[in-house]
Student: 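Got a structure for you, questions after.
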Amino acid sequence: SASILKFKKPHWNLPKKWNRLAAATGRRFRIACSVIGDVFTAIKGARSEREKLWKLIAQTPYLDWFVLTKNITLTHNELPFNMPDNLWIGVSPAVGSVRDYINYMSEISKLKKTFAIIEPLGRYVDLTNQLIGGSRIVCPQCGRLHIDEEGVDPHTQHTCHSCRHLFDSITPILGTGYDRQKISWLIIGGAIKPHRQIEYQSAFESYIQLCARRNVPIYVSRAGTNLIKNNSTTATFNHPLGADMSEWPELMRVRQFPTT
């Protein structure tokens with residue numbers, strides 16, 4: 001049966017040392033947490049480890065913690081009661097599911113700082129509505145936040161994803177013109193061997209242009225090993241992963257970080 005990896009006390013103490021160093025130098029450090037696992041796993045024993053992690057994050061305010069998950073549906077009930085300001089929650093869905101993942105994440109009212117990773121990139125998916133939302137409505141039964149992309153229609157009924165309560169949108173309106181960013185940071189990257197997926201320069205540039213219009217920082221991690229440039233030729237890179245930014249087409253050379 002599946003089990004979780006539990007770290008010993010010296011490992012849990014390391015971030016406290018990093019936090020003291022960050023405080024002493026007046027800098028903030030970024031922590032990629034559980035990059036080869038998933039903090040929100042449903043495996044037995046994971047909840048107690050999550051509670052330890054939430055406590056540690058709250059105790060290290062000079063560290064920005066980036067927690068990536070594919071189990072976004074588990075986050076609603078597993079987030080800390082008092083959400084730390086230095087906790088970022090991110091998703092890494094397949095490109096065909098990225099809209100659904102971001103929409104689901106945006107409905108969790110506790111999440112203030114979020115990010116998404118699209119690797120490998122594949123075809124371009126228009127995320128205009130996933131960067132800027134519509135109106136806020138709240139389930140009157142359980143209090144869960146929902147995002148109405150099309151604006152509020154008093155004749156429209158909604159089914160809450162959490163408690164399945166059916167309610168009219170006219171009652172729980174919190175306000176129209178809702179413009180909170182659904183994601184605060186977007187990371188994109190191309191496929192690498194042995195994947196044979198073709199990546200297109202135009203797709204990278206479309207995401208970069210969209211994020212620029214929506215004022216969302218974007219980080220291009222790698223071009224991949226099979227990039228078709230805008231002139232229909234295949235790019236050649238010396239770097240085995242296509243991760244040397246100096247070898248990319250100029251408009252793809254974007255690595256921005258969010259303001260924390």
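Excluded from the calculations below are hydrogen atoms, water molecules and symmetry mates; all remaining heavy atoms, backbone and side chain alike, are included. In this text, all values refer to a predicted model and were calculated from it rather than measured experimentally.
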Student: Which atom pair, heavy atoms only, marks the closest approach of Thr225 to Ile192?
Tutor: OG1-CA, 3.5 Å
Student: So how far is it from Phe237 CZ to Ser246 OG, rounded to the nearest 0.5 Å?
Tutor: 10.0 Å
Student: Is there side-chain contact between Lys16 and Leu14, with at least one heavy-atom pair below 4.5 Å?
Tutor: no
Student: Only counting residues at least two apart or in another chain, list the ones meeting side-chain hydrogen bond (donor to acceptor under 3.5 Å, both in side chains) with Thr233.
Tutor: Asn231
Student: Could you tell me if Thr69 and Asn71 have a donor-acceptor pair between their side chains, going purely by distance under 3.5 Å?
Tutor: no
Student: Going by the salt bridge (charged side-chain N to carboxylate O under 4.0 Å, His left out) test, which pairs reach into residues 70-79, not counting sequence neighbours?
Tutor: Arg47-Glu78, Arg50-Glu78
Student: Report the residues that fulfil side-chain hydrogen bond (donor to acceptor under 3.5 Å, both in side chains) with Glu247, sequence neighbours left out, ordered by chain and then residue number.
Tutor: Asn238
Student: What closest approach, in Å, do Pro15 and Leu56 show between heavy atoms, and which atom pair accounts for it?
Tutor: CG-CD2, 3.8 Å
Student: Suppose the criterion is side-chain hydrogen bond (donor to acceptor under 3.5 Å, both in side chains): which pairs have a residue in residues 79-94, not counting sequence neighbours?
Tutor: none
Student: Quick one: does Cys33's side chain get under 4.5 Å of Val39's, heavy atoms only?
Tutor: yes
Student: Mind checking what makes side-chain contact (heavy atoms from CB on, under 4.5 Å) contact with Ile208, not counting sequence neighbours?
Tutor: Ile218, Val220, Val254
Student: For residues 19-26, tabulate all N or O donor-acceptor pairs below 3.5 Å that involve a side-chain atom, not counting sequence neighbours.
Tutor:
{"residue": "Asn19", "atom": "OD1", "partner": "Tyr62", "partner atom": "N", "Å": "2.8"}
{"residue": "Thr25", "atom": "OG1", "partner": "Leu21", "partner atom": "O", "Å": "2.9"}
{"residue": "Thr25", "atom": "OG1", "partner": "Ala22", "partner atom": "O", "Å": "3.3"}

Student: Are Gln256 and Val216 close enough, and set up right, to give a side chain to side chain contact (heavy atoms under 4.5 Å, CB included), and what steps lead you there?
Tutor: CA-CA 9 Å; Gln256 300 168 337; Val216 174; over 6 Å; no
Student: Over all heavy atoms of both residues, which pair between Pro84 and Pro80 is shortest? Give the atoms and the distance, please.
Tutor: CD-CG, 3.7 Å
Student: Distance only, no hydrogens: is a donor on one side chain within 3.5 Å (strictly under) of an acceptor on the other, for Trp185 and Thr114?
Tutor: no
Student: State, with a plain yes or no, whether a side-chain heavy atom of Ile89 is found less than 4.5 Å away from one of Lys113.
Tutor: no
Student: Keeping the roles fixed (side chain from Arg255, backbone from Met245), state whether a donor-acceptor pair exists under 3.5 Å.
Tutor: no
Student: First locate atom CD1 of Ile188, then atom OH of Tyr124, and finally report the distance between them rounded to the nearest 0.5 Å.
Tutor: 10.0 Å
Student: Taking only residues two or more places apart in sequence, or in another chain, which ones meet Thr234 in a side-chain hydrogen bond (donor to acceptor under 3.5 Å, both in side chains)?
Tutor: none
Student: Just wondering, do Thr60 and Trp65 contact through their side chains at under 4.5 Å, heavy atoms?
Tutor: yes
Student: Indicate yes or no: at least one non-hydrogen side-chain atom of Thr75 is less than 4.5 angstrom from one of Val67.
Tutor: no
Student: Does Trp12 share a hydrophobic cluster with Leu87, counting links as ILVMFWY side-chain heavy atoms below 4.5 Å and allowing steps through other members?
Tutor: yes
Student: Is a side-chain donor or acceptor of Arg222 paired with a backbone partner of Gly242 at a separation under 3.5 angstrom?
Tutor: no
Student: Can you measure from OG (Ser97) to CD1 (Ile102) and round to the nearest 0.5 angstrom?
Tutor: 11.0 Å
Student: Roughly how far, to the nearest 0.5 Å, is CG of Leu111 from CG of Leu79?
Tutor: 5.5 Å
Student: Determine, step by step, whether Lys55 and Leu53 satisfy the side chain to side chain contact (heavy atoms under 4.5 Å, CB included) criterion, reporting the C-alpha distance in whole Å, the side-chain angles of both residues, the deciding distance to 0.1 Å, and the verdict.
Tutor: CA-CA 5 Å; Lys55 183 178 179 180; Leu53 177 62; over 6 Å; no
Student: Once side-chain hydrogen bond (donor to acceptor under 3.5 Å, both in side chains) is applied, do any residues pair with Glu51, and if so which ones, sequence neighbours excluded?
Tutor: none
Student: What is the minimum heavy-atom distance between Pro258 and Ser184, and which atoms define it?
Tutor: CB-O, 4.1 Å
Student: Which residue pairs pass the salt bridge (charged side-chain N to carboxylate O under 4.0 Å, His left out) test with at least one member in residues 28-42, sequence neighbours excluded?
Tutor: Arg28-Asp64
Student: Using every non-hydrogen atom in the two residues, find where Gly189 and Glu199 come nearest and quote the distance to one decimal.
Tutor: O-OE2, 4.3 Å
Student: Are side-chain heavy atoms of Pro249 and Leu227 found at a separation under 4.5 Å?
Tutor: yes
Student: At their closest point, which heavy atom of Leu186 faces which heavy atom of Cys211, and how far apart are they?
Tutor: CD2-SG, 3.7 Å
Student: To the closest 0.5 Å, what do you measure between OH (Tyr101) and CD1 (Ile117)?
Tutor: 13.0 Å
Student: Out of curiosity, Met252 CE to Tyr207 OH, how far, rounded to the nearest 0.5 Å?
Tutor: 13.0 Å
Student: Of all residues at least two apart in sequence or in a different chain, which pass the ring-ring contact (aromatic ring centres under 6.0 Å, His included) check with Phe40?
Tutor: Trp54
Student: Can Gln201 and Glu205 be counted as having a side-chain donor-acceptor contact under 3.5 angstrom?
Tutor: yes
Student: Considering only residues two or more places apart or on different chains, which pairs with a residue in residues 208-228 satisfy ring-ring contact (aromatic ring centres under 6.0 Å, His included)?
Tutor: Tyr219-Phe257
Student: Is Lys52 salt-bridged to Glu49, going by a charged N under 4.0 Å from an acidic O?
Tutor: yes
Student: Tell me, please, which residues at least two apart from Phe204 pass ring-ring contact (aromatic ring centres under 6.0 Å, His included).
Tutor: none
Student: Please determine whether side chain to side chain contact (heavy atoms under 4.5 Å, CB included) holds for the pair Leu127 and Leu210, giving the CA-CA distance in whole Å, both sets of side-chain angles, and the decisive distance to 0.1 Å.
Tutor: CA-CA 8 Å; Leu127 298 180; Leu210 174 62; 4.0 Å; yes
